[in-house]
Amino acid sequence: MPPEEKAASRNFIQQIIDADLAAGKNDGRVHTRFPPEPNGYLHIGHAKSICLNSALAREYDGKFNLRFDDTNPAKEEQEYVDAITDDIRWLGADWEDRLFFASDYFDQLYAWAVQLVEAGKAYVCQLDAEQMREYRGTLTEPGKPSPYRERPPAENLALLEQMKAGEFPDGSHTLRAKIDMASPNLNLRDPVMYRIKRAHHHRTGDRWCIYPSYDFTHGQSDSIEGITHSICTLEFENHRPLYDWFCQSLGIHHPQQIEFARLNLTYTVMSKRLLLQLVNEKHVAGWDDPRMLTIRGLRRRGYTPSAIRAFCERIGVAKANSTIDMAWLEDAIREDLNEHAPRAMGVLRPLKVVIENYPAGQVEQLEAANHPQKPEMGTRQIPFSREIYVEQDDFMEDAPKKFFRLSVGREVRLRYAYFITCTDLVKDSDGNIVELRCTYDPATKGGNAPDGRKVKGTIHWVSAPHAVNASVRLYDHLFAVEEPGKAPAGGTFLDNLNPNSLELLADAQLEPALRDAEPGSQFQFERNGYFFVDPVDSKPGKPVFNRTATLRDSWTKNELS
RNA sequence: UGGGGGAUAGUUUAAUGGUAGAACUGCGGACUCUGACUCCGUUAGUCUAGGUUCGAAUCCUAGUCCCCCAGCCA
């Protein structure tokens, strides 16, 4: 279909906004926000929300805020604030000068609480946590009113002041909205607006001993900031009536809450609790372990912001729960890196090859393209000599006919170098192949035969005396099953861990230019995959590589089937 | 067994009463100095049963299945 005929497909949120704009709501403004709680690290699921909110603002020429929902000092820390802002900036979402904290609004929130008390819409309750649960009722039975529900406003006001002044112990009093104890929506059964909690807040210090609840904070914070569309995940759908109730009761700007389905991915878990457990119990090296789908983990794995953004765009947004195939994420990073990563040669599991008819001590510099499809990325020189390394997988003693690599009597091309023919192999006393003997054809320099003969296979190699010895980490899915969250009978999700998710290669041999690879830079090791120079563990002259993704491999795949 | 949401190829997602389309995956092939990339082809779908209509994924009725809610977490 010609592009001009193809109407851009609109997701349900865009359709809502289109309709709002057409109806003249919000004076034509679109203003979104991302509201993380600073109690953990961001993961790929948050990236979906960040990309969604910031992309919407950009698309409609609107604004995007970053606001920390920091109403629970017991769990929140400055460390997380720093990590989260850093990750969001890295992702490329721009909140300009609009970085806010719900705690910035504590005074206003308190004033609004007073307003509701005076209006007879809120009261101080002295039920303890357990009693409150009993009074709340169940899913099928209505709750019953708290004995403190009918306290007159003046009394409530005095009590609230005392709560704020620190005259009561933690947990002894709450401020509750007076809504409907019989509502089928339990969130409306007089929800808590303020609780007493003596904890040091990362921003307000010890100024407060009472803290507002999520429900009494979120909508009003959106309102203060002039948010037009407050986009959150599905589990808050049941809270929307409350969101609306507070905005209406207070008579303030009323943003529209819209819920979408959170991201799920195969072969991973996404809940903060499980992620935390993986870190605490040291099943991974930390929040930035490259196998973690935290933003920090993805960064260290070598994922790029644009790949993550492309992924988030592609997966779409809807209200139906879904689980995206991990292959989509891998596809996104391959697409980006295939385009941008310079090529290099690296032998992961070396097998020594001696080219018997190549003069000992001779070294030639051969020219190699940095990107076969992009000449503008230039070329580099690679040394060639009598002894080289090739990949162990590129030799097979009893090779099937369609194995287009090395075997005794077979000829292959060494990429950018010569055709070589394997003549013999050397084994150690245990029968392991330790060396190959080959001959080369001097006429094929550069990789082409003047007589026009073809070879089916081209393999990568590294000159042994020039090679850089490096450690390389091969990463695979952290979990071995598609739905690791589902624990096997009698076990936990940990039983689903993939025992082979990390393979350490201490003896990889790389082409010499890689010795000084810049930490944080990326390469495609031809025929192997995309690799990222680890910014933490690399030392000058001693790079450490993390495999970001493999290349697609239709050969191995066929063999396995 | 209360309330709120949801259901379109294997997986995501379009089509908003008018030819069910795309991407990822799978499979087959072409190309190739990366068994990569690229290109071509191909399998495969409207939860079920009724109804309205010339015409239904879309509207109506009745079911089925899945998710969320009983924190002083967010």
Trainee: Below 4.0 angstrom, N of the basic side chain to O of the carboxylate: do A/Asp222 and A/Arg67 qualify?
Mentor: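 Between A/Arg67 and A/Asp222 there is a salt bridge, with a charged N closer than 4.0 Å to a carboxylate O.
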Trainee: Please classify the nucleic acid contact of A/Gln15 as base, sugar-phosphate, or nothing, using heavy-atom distances under 4.0 Å.
Mentor: base
Trainee: How far does the P atom of B/U13 sit from the matching atom of B/A7, given to the nearest Å?
Mentor: 9 Å
Trainee: Could you give me the stems involving RNA chain B, meaning stretches of three or more consecutive Watson-Crick or G-U wobble pairs whose two defining distances are both below 3.5 Å?
Mentor: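 Looking at RNA chain B, the stems formed by three or more consecutive pairs are B:2-7 with B:64-69, B:10-13 with B:21-24, B:26-30 with B:38-42, B:47-51 with B:59-63.
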Trainee: A/Phe260 has an atom CZ; how far is it from atom P of B/G4, in whole Å?
Mentor: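 Atom CZ in A/Phe260 sits about 23 Å away from atom P in B/G4.
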Trainee: Determine: side-chain N/O of A/Arg552 to OP1/OP2 of B/U34, distance under 4.0 Å, yes or no.
Mentor: no
Trainee: What closest approach, in Å, do A/Met270 and A/His43 show between heavy atoms, and which atom pair accounts for it?
Mentor: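 In this case the closest contact between A/Met270 and A/His43 is O-NE2, 3.1 Å.
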Trainee: Is it true that A/Arg380 and A/Glu511 have a side-chain N and a carboxylate O under 4.0 angstrom from each other?
Mentor: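 Looking at A/Glu511 together with A/Arg380, the answer is yes, because their closest N to O distance falls below 4.0 Å.
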Trainee: Once salt bridge (Lys or Arg N to Asp or Glu O under 4.0 Å) is applied, do any residues pair with A/Glu411, and if so which ones, sequence neighbours excluded?
Mentor: A/Arg453
Trainee: Taking OP1 and OP2 of B/U13, is either one under 4.0 Å from a side-chain nitrogen or oxygen of A/Ser9?
Mentor: no
Trainee: Where along residues 161-169 of chain A does a heavy atom come under 4.0 Å from RNA chain B, residue by residue in number order?
Mentor: none
Trainee: Would you mind classifying the nucleic acid contact of A/Phe403 as base, sugar-phosphate or nothing, using non-hydrogen atoms under 4.0 angstrom?
Mentor: base
Trainee: Just how far, in rounded Å, is C1' of B/C67 from CZ of A/Arg262?
Mentor: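 Interatomic distance, CZ of A/Arg262 to C1' of B/C67: 12 Å.
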Trainee: Run the side chain to side chain donor-acceptor pair (under 3.5 Å) test against A/Arg176 and tell me which residues pass, sequence neighbours left out.
Mentor: none
Trainee: Classify the side chain of A/Gln373 and the base of B/U38 as holding, or not holding, a donor-acceptor pair under 3.5 Å.
Mentor: no
Trainee: Let me know, please, whether A/Asp325 or A/Lys456 comes out on the 5' side of the other along RNA chain B by nearest nucleotide.
Mentor: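 It is A/Asp325, whose closest nucleotide lies nearer the 5' terminus.
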Trainee: Which residue pairs pass the ring pair (Phe, Tyr, Trp, His ring centres under 6.0 Å) test with at least one member in residues 166-200 of chain A, sequence neighbours excluded?
Mentor: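 Output for this query lists A/Phe168-A/His173, A/Tyr194-A/Phe216.
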Trainee: Mind checking if A/Arg405 touches a base, just sugar-phosphate, or nothing, with heavy atoms under 4.0 Å?
Mentor: base
Trainee: Considering only heavy atoms and no angle criterion, is a donor-acceptor pair shorter than 3.5 Å present between the side chain of A/Arg240 and the base of B/G4?
Mentor: no
Trainee: Which nucleotide in the set B/G35, B/U1, B/U12 lies at the smallest distance from any side-chain heavy atom of A/Phe404?
Mentor: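 Among the listed nucleotides, the one closest to the side chain of A/Phe404 is B/G35.
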Trainee: May I ask you to say what A/Ile315 touches in the nucleic acid, namely base, sugar-phosphate or nothing, with a heavy-atom cut-off under 4.0 Å?
Mentor: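 Sugar-phosphate, backbone atoms only, no base.
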Trainee: Looking at A/Arg343 and B/U34, is any side-chain donor or acceptor paired with a base atom of the opposite kind under 3.5 Å?
Mentor: yes
Trainee: Mind checking what makes side chain to side chain contact (heavy atoms under 4.5 Å, CB included) contact with A/Lys402, not counting sequence neighbours?
Mentor: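 Here the qualifying residues are A/Phe404, A/Trp555.
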Trainee: Could you tell me how far B/G10 sits from B/G17 if I compare only their C1' atoms? Round to whole Å.
Mentor: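 It works out to 30 Å between them.
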Trainee: Between B/G5 and B/A15, how many Å separate the two C1' atoms, rounded to a whole number?
Mentor: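 Going atom to atom, C1' in each nucleotide, I get 22 Å.
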Trainee: Can you tell me how far P of B/A36 sits from OH of A/Tyr530, to the nearest Å?
Mentor: 11 Å
Trainee: So which pairs with a foot in residues 312-331 of chain A pass salt bridge (Lys or Arg N to Asp or Glu O under 4.0 Å), sequence neighbours left out?
Mentor: A/Glu237-A/Lys319, A/Glu259-A/Lys319, A/Arg314-A/Asp331, A/Arg314-A/Glu335, A/Asp331-A/Arg552
Trainee: Ignoring backbone atoms, test whether A/Arg527 places a side-chain nitrogen or oxygen under 4.0 Å from the OP1 or OP2 oxygen of B/G35.
Mentor: yes
Trainee: Is the number of heavy atoms from other residues, nucleotides or ligands within 6.0 Å of CD (A/Glu130) greater than 12?
Mentor: no
Trainee: For A/Ile224, which residues count as a side chain to side chain contact (heavy atoms under 4.5 Å, CB included) partner, sequence neighbours excluded?
Mentor: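 Expected list: A/Tyr105, A/Gln108, A/Trp112.
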Trainee: Base of B/G71 relative to its sugar, syn (within 90° of 0) or anti?
Mentor: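 Base orientation relative to the sugar is syn.
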Trainee: Say you pick atom P in B/G3 and the same atom in B/U46; how far apart are they, in whole Å?
Mentor: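 B/G3 and B/U46 have their P atoms separated by 31 Å.
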Trainee: Not counting sequence neighbours, which residues clear salt bridge (Lys or Arg N to Asp or Glu O under 4.0 Å) with A/Glu59? List them please.
Mentor: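 With sequence neighbours excluded, A/Glu59 shows a salt bridge (Lys or Arg N to Asp or Glu O under 4.0 Å) to A/Arg10, given in chain and number order.
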Trainee: Classify the nucleic acid contact of A/Ala318 as base, sugar-phosphate or nothing, counting any heavy atom under 4.0 Å across all strands shown.
Mentor: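 If one applies the 4.0 Å heavy-atom cut-off, A/Ala318 turns out to touch the sugar-phosphate alone, with no base involved.
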Trainee: Send over the distance from A/Met345 CE to B/U34 C1', rounded to a whole Å.
Mentor: 10 Å
Trainee: Go through the structure and list residues passing side chain to side chain contact (heavy atoms under 4.5 Å, CB included) with A/Ala369, not counting sequence neighbours.
Mentor: A/Tyr416
Trainee: Expressed in angstrom and rounded to an integer, what is the separation of A/Leu263 atom CG from B/U13 atom C1'?
Mentor: 14 Å
Trainee: Using the P atoms only, state how far B/U19 lies from B/A57, rounded to an integer number of Å.
Mentor: 10 Å
Trainee: Which letters describe nucleotides 69-74 of chain B, given B = protein heavy atom under 4.0 Å from base, S = only from sugar-phosphate, - = neither?
Mentor: BBSBSB
Trainee: Can you see whether A/Tyr41 engages A/Asp87 through a side-chain donor-acceptor pair at a distance of less than 3.5 angstrom?
Mentor: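 On atom types as modelled, these side chains do not qualify, holding no pair under 3.5 Å.
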Trainee: Using atom C1' of each nucleotide, how far apart are B/U34 and B/U38 to the nearest Å?
Mentor: 13 Å
Trainee: Reckon A/Thr217 touches a base, only the sugar-phosphate, or nothing at all at heavy-atom distances under 4.0 Å?
Mentor: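 The answer is nothing, as A/Thr217 stays clear of every strand by at least 4.0 Å.
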Trainee: Which residues satisfy the side chain to side chain contact (heavy atoms under 4.5 Å, CB included) test with A/His371, sequence neighbours excluded?
Mentor: A/Arg343, A/Gln373, A/Lys374, A/Met377
Trainee: A/His371 has an atom NE2; how far is it from atom C1' of B/U38, in whole Å?
Mentor: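 After rounding, the gap between these two atoms is 12 Å.
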Trainee: When the C1' atoms of B/G50 and B/U64 are compared, how many Å lie between them, rounded to an integer?
Mentor: 14 Å
Trainee: For A/Asn321 and B/C68, what is the distance between atoms CG and C1' respectively, to the nearest whole Å?
Mentor: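 The answer, rounded to whole Å, is 8 Å.
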Trainee: Roughly how many Å apart are B/C24 and B/C37, using the P atom of each and rounding to a whole number?
Mentor: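 Looking at atom P only, B/C37 and B/C24 are 11 Å apart.
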Trainee: Which part of the nucleic acid, if any, lies within reach of A/Pro241 when heavy atoms closer than 4.0 Å are counted: base, sugar-phosphate only, or nothing?
Mentor: nothing
Trainee: Please report, rounded to the nearest Å, how far the C1' atom of B/U16 is from the CD1 atom of A/Ile16.
Mentor: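 So the two atoms are 14 Å apart, to the nearest Å.
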Trainee: Regarding A/Gln524, tell me which of base, sugar-phosphate or nothing describes its non-hydrogen contacts under 4.0 Å with the strands shown.
Mentor: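 Counting heavy atoms under 4.0 Å across all strands, the contact made by A/Gln524 includes a base.
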Trainee: Under 4.0 Å between a Lys/Arg side-chain N and an Asp/Glu carboxylate O for A/Lys75 and A/Glu37?
Mentor: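 Judged by the 4.0 Å cut-off on N to carboxylate O distance, A/Lys75 and A/Glu37 do not form a salt bridge.
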